[in-house]
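For reference, the structure discussed in these notes is given below.
Order of the sequence lines sets the chain letters (A, B, ...), proteins ahead of strands, with each chain counted from 1. Keep in mind it's a predicted model, so treat the numbers as computed, not measured.
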Amino acid sequence: MQTRSIKTKELSALLDQLRAAGVEIIAPARAPGVGRAVVYRRVSGFSDIIMGVQPRGTLKEHFLPASERILGWRRGGAHLELLEASTDCAPRIVLGAFPCDAAALEVVDAVMGWDYRDEFWFNRRQATIVVSIACDGGDESCFCHAVGLSPGSTRGADLMFVPVDGGFQVEVTTGRGQAWLEEHQEYFSEAGDSTQAVAFQERATTRSSQRPRPHMESIGRWLKNNFQHDYWDQLALRCHGCGACTMVCPTCHCFDLVDEPEGPEGGSRRRNWDTCQAATFTLHASGHNPRPGQGARYRQRILHKFSIYPARFHELLCTGCGRCSRVCSSGMDMLELLGEIHDMASITEPTTSPEARNEP
Amino acid sequence: MKELQDLARRLLLEGRVDIVIGYQQGPRGVRPSFVTRPEQADALIFDERCVHNLVTYLSPRRAHLAAWPRRAVVVKGCDTRAVAVLLRESHIDREDIVLIGLRCGGVHRSAEASGPLTAESVAFRCADCSIREPELVDHLLGDPRPAPPGNSRLAERIGQLESMSHEQRREFWNNEFSRCIRCHACRQVCPMCYCERCIADKTRPRWIESSAHLRGNTAWNMIRAMHLAGRCVGCGECGRACPVGIPLGLLNRKLAMVVDEHFDYRATDDPEVPGPLGSFRSDDAEEFIV
Amino acid sequence: MNIYQPTLMRIESVCDETPDTRTLRLVFKDPAMAERFSFKAGQFGEYSVLGHGESTLCIASSPTRTGYIECTFKKVGKLTSALHQLGPDDLIGFRGPYGNHFPLDKMHGANLLFIAGGIGLAPVRCVIWNVLDQRDRFGNISILYGARSVSDLVYKKELAQWAGMPHLRLWQTVDPGGETADWTGLVGFVPTVLQQVAPSSDDTFAVICGPPIMIRFTLPVLQSLGFPPERIYTTLENRMKCGLGKCGRCNIGSVYVCKDGPVFNAAQLQDLPPDM
């Protein structure tokens, strides 16, 4: 599609205009509070935005919040009234999504739209223009290349900005992105020379593709055949079962539904993030737990990402963002784990050699 | 390093223990290591990046470690205070565990840190730790270490909190707790959070709302802090594990100061010292009893 | 209306099956909803007591009996305890029907063997009445029902009705020690009794539901009687929340029990990893 460019000053003015028009702007910025970590949050203007640092939290919380009200009720004597929760979403723009985070939205679309359409998710999706910024290649925990993406992947983004001196080159990737760009075309200019943008993307791709690239297909087959393997319990020794990895994962979407009374007359039903790493996730009311140990629970997380989701939705439930490895306080590492499974798979699959995972 | 590896190998070879829990180099900095075969002992290391409190793996809640009942664990001086609480509260038997103590001159805040310890990089808890040589151990290894670089950041932060008005403090903590996503990672890594069924998981009745809203988040974080009063050893693992960066160490430290003030108790590596809330003294503060 | 929005149902009547097991007959509060609603044997719903949450229960009445649905539950958890507190005219929330169903079309003309243990009779009862209401479409019907003790037998009135029906064989059994002085049925565990009564597998489908341990030991007996795995149907009970394939709780391998199930045949079960 079409390529344009935008100067930083123009982008800043565009954001001001959008904000004045009532559009919510979500971008990487420092969280309030002691830690001051970079997260995706609502910002008031360009000066809030921090670029080039992968946010600690993911974009998913703006589409599937950590906790949201999905139903209310009111009671009075024998009377009971159900109050429908609104699924409406005002127009928004995400500016500066990392490509792995933008792609994750499209990955999760598959389950959210499976037969029953989750309107909370899709109304937010429809109300939101996603503008990603090409990644510079990430750090040693990133592995987007292994899961079929790249630092310049445009999946899930309506437009992608590539950093150049004084602004960005703009790649339009969807019809929606095109329409949005045309609506605000006075802020954009001709693309001009693309040398810088191409060089940025090449540098990023080189950095990213030098990391190990385990073969996801053979890993998927190994997972299917090795449900009961000593590896899982060994692996889980280190794991605290804290579930932080699932919380910061852009594709983990499992949730709990809880009722919360708010006084004697009413209350709310809420949808809350949940984690397969907690024993309570599968605990039956009878006390029976099909996944009683951390090994079984860790296996479920890996299976869901690299075997179950692919079998069901024909894609991996992972975009290689590496947050799970970065957040883990006990040093569990996804890329290492995938490499180990790759190596175990290579024993039974002659086409997969241990060396193959390091080939670019 | 060699002395640690040799000891681990010997303990396994002689059948004294089933597993040695120590530290190893991981893809991102240092991480816990689980050595079950003598030949794996070469992976063990110890340096200023060994921030983790491995005593948490002794907690009875770790059902998946039950297959290795006789455990040796590498501990720093500060970690032995956690062992002392588990002993005091009768959750482990001293005979079941082998403690490998390492002389320690402080650790970094992050297991991924590099370079020498500085006042900037040193973990908060090292500021007032004087246990260079752990005592509650079966083996003491390593060269004598100097005291860690002093830092007063935690004290300064607590000072700032104390100087705030009630409303300002509430706003401060509301701001922090509002980010909580209720993953309970703080609980999962805590060596003192050994309850088989945590109050946060109880649903009949639901004591603490599980939703990540300020009401539920405040209830959870305050109740956890209260459950740790007089028990927290200040290892800071909760704050390190928190994926949204809530300064839980600050809260626990403040509570430890309150406990000290009222009950003259500080976290100790002596398991014989009774816990302040599990013992009675005639001069206990009781001004809160109406 | 979003997919998580329940509709209100009124409790029309309550039937105590055992001291802790109860059947509720429910009617939609909104007549238009009652008009629209239909389901198939084996499907389930999410029932809620507002303020206490939702619980997954099969629809225990037959789709041939319209105007109401029934659910049977044992008081074990938070929701079922709250449900147990309710009585006639109280309102509850309902979402459904969800999941797949027993393939009754495939069973037309064949003989049917129903095997159930304890409260596992609830989903089987739905199929039994469905079949009995279309009696001429099916061959011989046999029912083997067991419970821990006489007082744990559910649907006692219906068991008496079935016992008196022509062309229907009913074996009732209780676990050893669970019998009373006036018990006239059999004594023994379901798999053992099944082996003893040895029903024919000729042109027969088996529908089985009960505690996991009963299913585990009954499946081999069925196979030894000549039932091919493709003709043995059961319904799985996994912990669920949404019932819609979203919340990620009921996975067993690549199967989402709420969407691909809850009804599976034994051949499909054999392909699942042991994660139950």
Side-chain angles (χ1 to χ4, degrees), chain A residues 70-75 78-87 111-112 114-121 123 224 227-228 252-262 264 266-267 269 271 274 276 281-291 296 299-300 303-304 307-312, chain C residues 1-8 10 29-30 46 48-56 73-82 89-93 95 98 211-213 237-256 258-260 271-276:
Chain A
I70 57 163
L71 172 74
W73 69 87
R74 229 187 343 243
R75 221 185 265 284
H79 176 79
L80 173 66
E81 188 190 355
L82 297 181
L83 312 167
E84 219 170 305
S86 167
T87 56
V111 64
M112 288 298 176
W114 184 26
D115 292 354
Y116 300 95
R117 200 177 153 81
D118 189 308
E119 299 290 351
F120 293 98
W121 174 270
N123 287 354
K224 233 174 145 38
F227 192 81
Q228 284 167 311
C252 276
H253 55 269
C254 292
F255 59 78
D256 190 12
L257 299 174
V258 296
D259 280 12
E260 290 184 348
E262 288 150 355
R269 177 165 296 166
R271 157 158 76 178
D274 204 349
C276 55
F281 189 67
T282 48
L283 183 66
H284 292 203
S286 64
H288 170 69
N289 196 341
R291 293 184 206 129
R299 175 183 61 203
Q300 171 62 20
L303 280 174
H304 197 180
S307 171
I308 297 173
Y309 208 78
R312 177 62 61 176
Chain C
M1 212 161 89
N2 74 70
I3 55 174
Y4 305 101
Q5 176 79 24
T7 54
L8 288 174
R10 187 172 57 78
K29 189 174 174 236
D30 174 8
E46 294 292 338
S48 51
V49 182
L50 282 305
H52 297 267
E54 287 186 308
S55 195
T56 312
F73 62 94
K74 195 175 191 156
K75 194 170 86 173
V76 279
K78 181 181 164 93
L79 190 278
T80 46
S81 300
D89 287 335
D90 282 336
L91 294 170
I92 68 163
R95 295 190 286 126
Y98 297 136
I213 184 101
E237 230 182 63
N238 243 40
R239 184 152 186 223
M240 296 179 193
K241 279 286 175 179
C242 72
L244 302 158
K246 312 277 182 254
C247 78
R249 206 168 291 258
C250 66
N251 287 154
I252 304 175
S254 58
V255 159
Y256 285 67
C258 68
K259 293 276 279 96
D260 304 315
D271 288 342
L272 295 182
D275 201 15
M276 287 175 260

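Using a 4.5 Å cut-off between heavy atoms, R117(A) contacts chain C through its backbone alone, with no side-chain atom that close. Looking at D90(C), neither its backbone nor its side chain comes within 4.5 Å of chain A, counting heavy atoms on both sides. Contact annotation for C250(C): neither backbone nor side-chain heavy atoms come within less than 4.5 Å of a heavy atom of chain A. Residue contact with chain C, scored on non-hydrogen atoms closer than 4.5 Å, involves the backbone and the side chain of V111(A) alike. Proximity to chain C is absent for every atom of E260(A), based on heavy atoms less than 4.5 angstrom apart. Contacts between M1(C) and chain A at a heavy-atom distance below 4.5 Å involve backbone atoms as well as side-chain atoms. Proximity to chain C (any heavy atom under 4.5 Å) is restricted, for T87(A), to the side chain, taken from C-beta onward. Proximity to chain C involves both the backbone and the side chain of W114(A), based on heavy atoms less than 4.5 angstrom apart. Contact of E262(A) with chain C is not made at all, since no heavy-atom distance falls under 4.5 Å. Interface residue T7(C): only backbone heavy atoms are found under 4.5 Å from chain A. In this structure, the portions of Y116(A) lying under 4.5 Å from any heavy atom of chain C include both its backbone and its side chain.
Between atom CG of residue L303(A) and atom CD1 of residue I252(C) there is a gap of 12.5 Å, rounded to the nearest 0.5 Å. Once rounded to the nearest 0.5 Å, the distance linking CG of D259(A) with CG of L50(C) reads 6.0 Å. If you take CZ on R271(A) and SG on C247(C), they are separated by 10.0 Å, rounding to the nearest 0.5 Å. From F281(A), atom CZ reaches atom CZ of R239(C) across 8.5 Å, with rounding to the nearest 0.5 Å. In this structure, CG in L91(C) is found 11.5 Å from CD in E81(A), a value given to the nearest 0.5 Å. One distance of note links CD1 of I70(A) with SG of C242(C); it measures 9.5 Å at 0.5 Å rounding.
With contacts defined as side-chain heavy-atom distances shorter than 4.5 Å, the pair N2(C)/F120(A) qualifies. Between H288(A) and P212(C), every side-chain heavy-atom pair lies at or beyond the 4.5 Å cut-off.
Residue with the most contacts toward chain C among R269(A), H253(A), R75(A): R269(A) (heavy-atom pairs, distance under 4.5 Å). Put simply, of E119(A), H79(A), H304(A), the one with the most heavy-atom pairs under 4.5 Å next to chain C is H304(A). When R299(A), M112(A), Q300(A) are compared by the number of non-hydrogen pairs under 4.5 Å with chain C, M112(A) comes out ahead. Counting heavy-atom pairs closer than 4.5 Å to chain A, the top-ranked of the candidates G77(C), S48(C), G93(C) is S48(C). Contact count versus chain A (heavy atoms, under 4.5 Å) is highest, among E54(C), Q5(C), K29(C), for Q5(C).
Taking a 6.0 Å sphere around NZ of K224(A), one finds it holds 12 or fewer heavy atoms contributed by other residues, nucleotides or ligands.
Remark: the backbone N or O of C254(A) is not paired with any side-chain donor or acceptor of R249(C) at under 3.5 angstrom.
For the residue pair R95(C) and L257(A), the shortest heavy atom distance occurs at NH2-CD1, 4.0 Å. Closest approach of D118(A) to I3(C), counting heavy atoms only: CA-CD1, 3.8 Å.
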request  = Dump the intermediate steps for salt bridge (charged side-chain N to carboxylate O under 4.0 Å, His left out) on K241(C) and D274(A), then the final yes or no.
outcome  = CA-CA 11 Å; K241(C) 279 286 175 179; D274(A) 204 349; over 6 Å; no

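A donor-acceptor contact closer than 3.5 angstrom is absent between the side chains of Y256(C) and R312(A).
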